[in-house]
Amino acid sequence: MDLRIEALNDANIDKWESFNHEMSEGTFFHTTKWKKILESLGHTPHYYMVFSGDDVVAICPFFETNIKGFKGITPLPDSDYNHIVIKENNKHNIIDFIRKELESMAKKNSWSFIILNSLDKNFEDKLSTSYYPNFSMGTMGIDLEDLSPTNIWDKVFTAKKAQRRYIKRFEKDEFKIRYIDSVEDIKTLYEYYLKNIRHIKGTEYPYSHFKDLYNLYFPDNMYLTLLYKKDFIAGGFLNFLDESKKTMHSRYIAINRNMPNKYHVQYYLLWESLKKAYELECKRMCFGSNVKDQNHPGYKLKRNFGADYRDNYSVLIPTSKIFKIGHSVFRSIYKVKQDE
């Protein structure tokens, strides 16, 4: 197979979008629109396409990152999906070709490491080089063609009837959902998002990030909701609609942390998001990334809705001797501490 690699540019951008749309592993986060969002957060992109003749056989979105002062590249930070997308035919050759090309670029760009992510659990076997297994989170979601909201209510919620109570409580107490559409509403959503993210010690994004999302995706690909009762705000959600993949992505939940303990805001917001996704004839509802830990609150919550877990596999390839030595020492020390 005669392969070549090209950097993304104005002349081939349409081929990138077409390939992402056609591939089952292509996602909302692999679009060039999302690239603009990540650039607005200060990330430096390195996007590449692999060609066989005139045909695209892989897209590889990378951004610069740092580990202990060493510069390298990683696929799609701050994204629920962050894998490279490759055609099934001759996947072995394509993956190793990508690895070799990136290693060659590493010398020119002073990259000390390369992180590669894939949905293929066997892709590590296709790398003819040394590497380290790298921590990665999978994604959780619901196949709406198998589990409609009605099926979830009748079948999934029967095992733990608390979910029904959590949802009915809001309806009984006359809380309502309002779809919002203005910058002022974004400010309100952000206020409660910020309080919640600080409460759970999560990744905090600036208000400018929400404005960028609004300016780029609203109204065609974004749904913003507020859960309220009269003048009282209980919380809100930001959902992205990926029409090309018939998928709804839930991100950036906002919760009023002054709510009484009897209310479970996230349950109701997830339920309303599911119903909206089904109404829009989506095939899948994506609840975002999560660690694969049955004791993790987010994992348990999503599993209670019937969500499945899809693994993401990741490796770290050292491209400088100094980094390789330092990283080996770090991993050895960390493993000792874990074993103590």
Going by the angle between their ring planes, with limits at 30° and 60°, are [X] and [Y] parallel, tilted or perpendicular?
X      : Y      : answer
His264 : Tyr267 : perpendicular
Phe28  : Tyr217 : tilted
Trp271 : Trp153 : tilted
Tyr263 : Phe170 : tilted
Tyr48  : His46  : parallel
Tyr47  : Phe63  : perpendicular

Just grab all the ring pair (Phe, Tyr, Trp, His ring centres under 6.0 Å) pairs involving residues 120-150, residues at least two apart or on different chains.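 For residues 120-150, and leaving out neighbouring residues, the ring pair (Phe, Tyr, Trp, His ring centres under 6.0 Å) pairs sorted by first residue read Tyr132-His327.
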Let's go through Ile86 and Ile95 carefully: what are the C-alpha distance in whole Å and the side-chain angles of both, what is the deciding distance for side chain to side chain contact (heavy atoms under 4.5 Å, CB included) to 0.1 Å, and is it a yes or a no? CA-CA 8 Å; Ile86 304 175; Ile95 289 177; 3.2 Å; yes
Looking just at side-chain N and O atoms, do [X] and [Y] make a donor-acceptor pair shorter than 3.5 Å?
X      : Y      : answer
Lys302 : Asn290 : yes
Ser182 : Asp185 : yes
Trp34  : Ser79  : yes
Glu272 : Thr225 : no
Tyr313 : Ser136 : no
Asp242 : Asn221 : no
Thr27  : His30  : yes
Asn239 : Ser250 : yes

Under a 4.5 Å cut-off applied to non-hydrogen side-chain atoms, are [X] and [Y] in contact?
X      : Y      : result
Lys283 : Thr247 : no
Ile5   : Leu3   : no
Leu224 : Asp181 : no
Arg284 : Asp308 : yes
Leu147 : Leu274 : no
Ile59  : Ile84  : no
Asn312 : Thr139 : no
Phe210 : Tyr205 : yes

Does the pair Glu103 and Lys100 meet the rule for a salt bridge (Lys or Arg N to Asp or Glu O under 4.0 Å), with working shown? CA-CA 5 Å; Glu103 285 183 342; Lys100 289 175 182 176; over 6 Å; no
Compare every heavy atom of Val265 with every heavy atom of Gly235, then report the nearest pair and how far apart it is. CA-CG1, 4.2 Å
Where Ala254 and Leu269 come nearest, the two heavy atoms and their spacing: O-CD1, 4.0 Å
For salt bridge (Lys or Arg N to Asp or Glu O under 4.0 Å), just list the numbers for Glu6 and Arg4, CA-CA rounded to whole Å, side-chain angles, deciding distance to a tenth of an Å, and then say yes or no. CA-CA 7 Å; Glu6 286 184 13; Arg4 74 178 193 280; 3.2 Å; yes
Decide, yes or no, whether a salt bridge links [X] with [Y] under the criterion of side-chain N to carboxylate O below 4.0 Å.
X      : Y      : answer
Glu171 : Lys168 : no
Lys229 : Asp173 : no
Asp120 : Lys126 : yes
Asp311 : Lys292 : yes
Asp54  : Lys15  : no

ring-ring contact (aromatic ring centres under 6.0 Å, His included) assessment of His249 paired with Phe240: CA-CA 5 Å; His249 295 273; Phe240 294 111; 7.6 Å; no
Checking Asn196 against Asn256 for the side chain to side chain contact (heavy atoms under 4.5 Å, CB included) test, could you report, in this order, the C-alpha distance in whole Å, the side-chain angles of both residues, the deciding distance, and whether it holds? CA-CA 7 Å; Asn196 179 61; Asn256 186 337; over 6 Å; no
Take Tyr252 and His209 through the side chain to side chain donor-acceptor pair (under 3.5 Å) test and state the conclusion after the steps. CA-CA 11 Å; Tyr252 312 106; His209 177 56; 2.8 Å; yes
Check against salt bridge (Lys or Arg N to Asp or Glu O under 4.0 Å), Glu279 and Lys275: CA-CA 6 Å; Glu279 175 191 324; Lys275 291 197 298 181; over 6 Å; no
Donor-acceptor pair, [X] side chain versus [Y] backbone, under 3.5 Å?
X      : Y      : result
Asn215 : Asp212 : no
His43  : Phe62  : no
Ser328 : Lys324 : yes
Thr319 : Ala106 : no
Ser52  : Asp55  : no
Lys71  : Ser110 : no
Arg310 : Gly138 : no

If you draw the axis of the six-membered ring of Phe157, does the NZ or CZ of Arg164 fall within 45° of it and under 6.0 Å from the ring centre?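 Pair Arg164/Phe157 does not count as cation-pi.
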Within 45 degrees of the axis of the six-membered ring of Tyr179 and under 6.0 Å from its centre: does Lys276 put its NZ or CZ there? yes
Evaluate the criterion salt bridge (Lys or Arg N to Asp or Glu O under 4.0 Å) for residue pair Lys246 and Glu281; output intermediate values, then yes/no. CA-CA 7 Å; Lys246 294 294 181 181; Glu281 299 182 345; 5.1 Å; no
Thr158 side, atom OG1; Ile152 side, atom CD1 - distance, nearest 0.5 Å: 12.0 Å
Kindly compute the distance separating OH (Tyr214) from CG (Leu189), expressed to the nearest 0.5 Å.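 The CG atom of Leu189 is 12.0 Å from OH of Tyr214, to the nearest 0.5 Å.
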Let me see the working for Ser273 and Tyr223 under side chain to side chain contact (heavy atoms under 4.5 Å, CB included), right down to the final yes or no. CA-CA 9 Å; Ser273 296; Tyr223 287 87; over 6 Å; no
Apply salt bridge (Lys or Arg N to Asp or Glu O under 4.0 Å) to Lys195 and list each qualifying residue two or more places apart in sequence or on a separate chain.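 Glu191.
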